[in-house]
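Take a look at the structure set out below.
Order of listing sets the numbers, starting from 1, for every ligand and every atom in it. Fair warning: this is a prediction, and the values are worked out from it, not measured in the lab.
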Amino acid sequence: MRTTNLLGWAAPLLQTATALDAEALTSQYFGNDAPWYVDRIPLFEASISEIQEVYYYRWGLFRAHQRDLGADGFLSTEFINDVGWQTSPWAILINAANYHLREGRWSRDRRFKEDYANVLFGPNTNPHQFSEVMADGVWQGYLVDGVLEDAASRLEAMQTVYNSWNATLDIGGYDTSKGLYYIQPLTDATEYTIASIDASGGIDGFTGGNAFRPSINSYQYANALAISKLAALTGDQTLADEYKERAETIKALVQEHLWNSTFEHFIDRFYVDNEYVTYWDPIRGRELVGYVPWTHDLPDDEEAFAQAWKHIIDGEKLAGSHGLRTNEPSYEYYMRQYRYEGDHPECQWNGPAWPYQTTQALTALANLLDHYPTSSATGIITKADYVAILLQYAQLHYNPSYDGILNIEEDYNADTGVPIVGLARSPHYFHSGFIDQVITGFVGIRPSADDVLEVYPLIDETVDYFRIERVLYHGHDVAVQWDATGDRYGTKGLTVEVDGKVAAQSENLTRLTVDISRVDPPEIDRPIALSIQLGADTEYPVGSVSVAGVDDSLIHNVIDGRVWFYPEIVNWWDTPVGNGSEIWYQINFGSSVEVTRAEIAFAAGSELGVDVPSQYRVQVNTGGSWVDVDLGDGEYEHAVANGITNVQWESVETSLLRLVFTPKEGVAVRLVEFKVF
Ligand SMILES: *[C@@H]1O[C@H](CO)[C@@H](O)[C@H](O)[C@H]1NC(C)=O
Ligand SMILES: *[C@@H]1O[C@H](CO)[C@@H](O)[C@H](O)[C@H]1NC(C)=O
Ligand SMILES: *[C@@H]1O[C@H](CO)[C@@H](O)[C@H](O)[C@H]1NC(C)=O
Ligand SMILES: *[C@@H]1O[C@H](CO)[C@@H](O)[C@H](O)[C@H]1NC(C)=O
């Protein structure tokens, strides 16, 4: 069956006996905002309820972090609101871009990851803001959608970014004498690591501590391979060979120099040379970052390297009872708090559990269990451990500082699961992945550049069931199902469906491989909102309101391209409490534009004292007077709370437009976003 979804593109949708109920699941998890999700996300259920629940929470997080830039499309934000160290006004922070792209590759709507990649490799990005794995992120997206021309269109920009790390900057660069990259831990997005604390003599560690780290070298390895593989696919073998050689050189040097056989772990060596530490000396402890080489498939499959995986399941080493520690309790400055904002502890990486690195460790472990046969055969770590760590990570999302609601923040005490930082900026922090770990690990869809669909779930028989469907892979509609007994879906074992038909089946959790030809996924639909104002209110479009005496910065929230309905972080303008009179929100476009529809986001909640208006209409100013838009045969949609209210009218040219509405008696209206197209 083919249906046309809200975006206008046609996507094949599964119709099988066991198909999940899309309307029911999306309305259960997203309420009135379900229409945003229903055709954009794969549906999933599992016998482990936390993994299922957090899967949908993470799609909500993904949606909340899609910032609409207007003509520049969408990008993924890290903090849900602005922070001082982002690249403004877009709110670009590149350190988590690889996760954002890997989460986004599973959306059936390719727009989000493609627009974001355009931003990341466009003129506004700042490649030295943080260490980055952006080229690999694009490559990972290609492995799912199979659209070469979009991925390859960034080949030149990828090389420019890649080579920019050849500099020798204060914050990081390339050391020709060692052939390895070094980075300041802060620039690696991981301040207060062993390297930076020890390089300060134990008195600080926010800045400094430049080191040859497993992270930056694995990132450059992955970026080089991404460039090499994309170049090969476009027929540029010279470029492909050049970057393959770069990758291989990094790999050899990381294995030779960053592997510490005493610790049986990949660890940093100092680049900094000062009174406390010496250039090229290894640091004195194990860190979770030591698994990042496997995140990017760098190490060879050797028994010696496999020994590192003992530490991630050892309660005295990296395994906290509520999360993975970023370094071990044996380190002299483990969990010592150095930095505060007021009374609040600030971000540090000397022990706390960080979803950022938990994500890397899970991807690393999935790679090991999937395609490192010698390492897997040691039995040091198993699929049961993968499920246990994924479940522990899912449980970390239930936030004890917020009465146990789903609300992922920055870092956690690995022994208690309590958030450490918890500042005003912290709620619903998108600095990690989860969807990608569920789909590539737990479900085990291993995206490939070849014309195959490979499935190898990293679960054991103690998992009763799961089913995922509407995964758009190489243009096909894929479902994967596991049923340990046959009681759930009527078929015992593992089943892979392609375009609604069973394509492979096994009674047990063996690897299933299906040949699959590549077809074009639906075209990306890119409506451009004309109302978006990212920055200062001195530029058009400008928002204004009919009610005097309100905070100007809140007025701007309504046209800042951000939509979420979490009550924890302000993203709205609240009207005064209703008394029967009308209020308006006006957009001045600065010049005449053609407008034809709007998406209005109202938030509501009885405990919040806000509700949708009793009525609303849209007016334009033509020839100096305000008139209601002409709805033609249409009508105003019933206003919905915590979702999108759509209005469409006969297109008209105007430079001024208003949303005119009446708050209900005694309650305010919370206007989150007013997008005009
Ligand atoms: C830049 O870095 C790569 C390692 O990725 C190295 O092969 C190359 O020689 C470096 N170029 C210069 C000019 O240092
Ligand atoms: C591993 O690192 C430790 C701590 O810096 C060091 O003492 C030891 O010599 C290193 N092991 C090897 C084999 O280099
Ligand atoms: C799993 O099932 C396949 C057939 O579906 C069979 O060939 C294989 O031997 C089974 N493996 C185990 C460990 O039972
Ligand atoms: C009713 O509300 C409007 C808009 O908030 C306000 O301007 C007006 O003063 C209010 N009228 C009374 C009688 O309170």
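Applying ring pair (Phe, Tyr, Trp, His ring centres under 6.0 Å) to F212 and the options F266, Y271, Y174, F270 leaves one that passes, Y271. The only member of I250, V289, D297, V292 that meets side chain to side chain contact (heavy atoms under 4.5 Å, CB included) when paired with S218 is V292.
Numbered from 1 in the order shown, with element, the atoms of ligand 3 that lie under 4.0 Å from a heavy atom of S506 read 2 (O), 5 (O). Close approach of ligand 2 to F263 is summarised as follows: ligand atoms under 4.0 Å from at least one heavy atom of the residue are 2 (O), 3 (C), 4 (C). Close contacts between ligand 4 and P576 involve ligand atoms 5 (O) [criterion: under 4.0 Å to a heavy atom]. Under a 4.0 Å criterion applied to the non-hydrogen atoms of P282, ligand 2 contributes the atoms 2 (O), 5 (O). Atoms of ligand 2 found under 4.0 Å from any heavy atom of S261 (numbered from 1 in listed order, with element): 13 (C).
Scanning the protein for heavy atoms near atom 4 (C) of ligand 4, the closest one is S581 OG, 3.8 Å. Among protein heavy atoms, the minimum distance from atom 10 (C) of ligand 2 is reached at N260 ND2, 2.7 Å. Residue, atom and distance of the protein heavy atom nearest to atom 13 (C) of ligand 4 are N579 ND2, 4.3 Å. Among all protein heavy atoms, the one lying closest to atom 9 (O) of ligand 2 is T262 OG1, 4.3 Å. Closest to atom 12 (C) of ligand 3, if we only count protein heavy atoms, is N508 ND2, 3.1 Å.
In this structure, atom 2 (O) of ligand 4 has a protein heavy-atom contact shorter than 4.0 Å. Contact annotation for atom 7 (O) of ligand 3: protein absent (non-hydrogen atoms, distance under 4.0 Å).
No more than 12 heavy atoms of other residues, nucleotides or ligands shown are found within 6.0 angstrom of CD on E303.
For I283, every heavy-atom contact with ligand 2 shorter than 4.0 Å involves the backbone, none the side chain.
A heavy-atom distance below 4.5 Å is found between the side chains of V647 and I600. Side-chain contact check for V502 versus T491: every heavy-atom pair is 4.5 Å or farther apart.
Taking the six-membered ring where the residue is Trp, Y291 and W294 present tilted rings, their angle falling between 30° and 60°.
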**Request:** May I have the step-by-step check of ring pair (Phe, Tyr, Trp, His ring centres under 6.0 Å) for Y333 and Y331, ending in yes or no?
**Result:** CA-CA 6 Å; Y333 302 115; Y331 174 52; 5.8 Å; yes
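N327 places no side-chain N or O within donor-acceptor distance of the main-chain N or O of E287, the cut-off being under 3.5 Å.
Using a 4.0 Å cut-off between charged side-chain N and carboxylate O, D464 and R488 make no salt bridge.
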